[in-house]
Amino acid sequence: MPELPDVETFRRYLDANGLDRTIARTHVEAEDLLEGLTAQGLGQRLKGRRLTATRRHGKYLFAARDDYDGWLVLHFGMSGFLQAVGPGESPPQHTRMTLDFEDGGVLAYAALRKLGLIAWTDDPAAFAAARGLGPDALAIERAAFVQAVRCHRGGVKCWLMDQSALAGVGNVYSDEVLFQAGLHPKRKGNRLGEAEADRLYDALHAVLEAAVDARADPDRLPEGHILPLRGKEAPCPRCGGPLSPIKACGRTGWYCPACQPAG
DNA sequence: CTCCATGTTTAGAA
DNA sequence: CTTCTAAACATGGA
């Protein structure tokens, strides 16, 4: 489920389970996930080393080698996750890459669909720039956000999901942000009033922070969110009316037509 | 068998 | 140039 809150949860999981352990070897099961390096190259970069720090930009997770001369880059596609595996235990299904520690434990990168990415970079910020990523959705300042969204002539849901405009928000969380802001997914950015853009910014941060606190588990979110209801025959938690599907950017979104009227 | 899925990239049409 | 849509990728689940 890797959008920003999921990846932030993985980052904290890696902090707790993957740092300061010497890597004995790496295993790459799915070579096609590697970008710009080979399985052997990954091993050479990490063998005998430790990871000592993490960063996140949007949906990308970075882990620094102990000498800070290079960072492991992970993207989780639609189905990726991390799993720490104890000595003697077997890694999860669909494990695509593992870091095998000298202590006998393993950190597995698993993904049902091979849509993620494993890479290496000297500098996370340069990597993000080279990929054309916009500012991180949790780091962007209010003024920059409001200015950017109000310059965009297209639909606001698509804009929220555009990683070059704002990094970290995907299909699911864009729905939640728009629901909390009370804005229709197809409202045009340049037709938002100042107060509406402000509300969108507030909702963006409230939703992402709540989701990170919930460890990206929909069932752990407080009441009043539509994320756990998507695709189900459930009433809007605010007005009790029916939620509707809507196509945008080639994806299916969910919203409440009563609480999120078209502009 | 069919349709759909938390992402990204690319091609083509307005 | 901007914006939108569909398809492709990989691998299932319903």
Side-chain angles (χ1 to χ4, degrees), chain A residues 1-11 13 28-36 56-61 73-82 92-97 109-119 127-134 136-137 148-179 184-192 204 207-208 210-212 214-221 225-233 244-255:
Chain A
M1 323 139 144
E3 296 182 35
L4 187 152
D6 311 271
V7 179
E8 177 61 20
T9 303
F10 299 156
R11 191 187 71 76
Y13 187 82
V28 176
E29 316 281 348
E31 200 117 10
D32 38 342
L33 287 178
L34 297 177
E35 186 177 286
R56 183 191 54 71
H57 186 113
K59 302 174 187 175
Y60 287 83
L61 176 57
V73 184
L74 299 177
H75 186 283
F76 297 90
M78 277 174 111
S79 59
F81 61 96
L82 295 176
Q93 269 204 308
H94 312 300
T95 290
R96 310 302 186 182
M97 188 272 291
Y109 168 105
L112 190 159
R113 277 155 281 177
K114 293 191 276 187
L115 296 174
L117 172 113
I118 299 167
F127 182 91
R131 291 238 132 203
L133 296 183
D136 181 77
V149 73
R150 295 188 77 204
C151 283
H152 191 255
R153 281 174 294 182
V156 69
K157 176 176 169 66
C158 289
W159 182 81
L160 285 169
M161 293 198 295
D162 179 355
Q163 301 303 296
S164 69
L166 186 71
V169 176
N171 193 27
V172 166
Y173 284 98
S174 64
D175 283 348
E176 189 66 63
V177 168
L178 290 165
F179 175 73
H184 190 281
K186 295 212 171 169
R187 287 289 301 276
K188 308 295 183 198
N190 64 344
R191 299 242 283 266
L192 294 182
L204 175 74
V207 165
L208 294 179
V212 168
R215 280 166 281 169
D217 179 348
D219 296 326
R220 238 182 224 113
L221 282 174
H225 291 256
I226 59 167
L227 195 161
L229 309 177
R230 62 188 295 110
K232 298 178 187 165
E233 298 278 332
S244 296
I246 186 170
K247 281 275 181 197
C249 290
R251 316 298 301 275
T252 305
W254 291 85
Y255 78 115

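Residue numbers start from 1 in every chain, and the chains themselves are labelled A, B, ... in the order their sequence lines are given, proteins ahead of strands.
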(request) Could you identify which residues of residues 157-172 of chain A place a heavy atom less than 4.0 Å from some atom of DNA chain B, listed by residue number, or say none? (result) A:Gln163, A:Gly170, A:Asn171, A:Val172
(request) With a 4.0 angstrom cut-off to heavy atoms of chain A, pull out the first and last contacting nucleotide of DNA chain C, in 5'-to-3' order. (result) C:dT2 to C:dG12
(request) Could you state the atom-to-atom distance from CD of A:Glu3 to C1' of B:dT6 in whole Å? (result) 5 Å
(message) Base, sugar-phosphate or nothing for A:Gly116? Non-hydrogen atoms, less than 4.0 Å.
(response) nothing
(message) Without decimals, in angstroms, what is the distance between A:Leu133 CG and B:dT8 P?
(response) 8 Å
(message) Roughly how many Å apart are B:dC3 and C:dA6, using the P atom of each and rounding to a whole number?
(response) 14 Å
(request) Could you label the plane-to-plane angle of the A:His184 and A:Tyr255 rings as parallel, tilted or perpendicular, counting under 30° as parallel and over 60° as perpendicular? (result) perpendicular
(message) Quiz question: going by heavy-atom distance under 3.5 Å, is there a donor-acceptor pair between the base of B:dA5 and the side chain of A:Arg113?
(response) yes
(request) Give the rounded distance in Å between these two atoms: CG of A:Leu61 and P of B:dG7. (result) 16 Å
(request) Counting Watson-Crick and G-U wobble pairs whose two distances are both under 3.5 Å, find the runs of 3 or more in a row that involve DNA chain B. (result) B:2-5 with C:11-14, B:7-14 with C:2-9
(request) Measure from CG on A:Leu33 to P on B:dT8 and round the result to the nearest Å. (result) 14 Å
(request) Take the protein atom NZ of A:Lys247 and the nucleotide atom C1' of B:dC3, then report the distance between them rounded to whole Å. (result) 10 Å
(request) Please measure how far the P atom in B:dT2 lies from the corresponding atom in C:dA7, and state the result in whole Å. (result) 15 Å
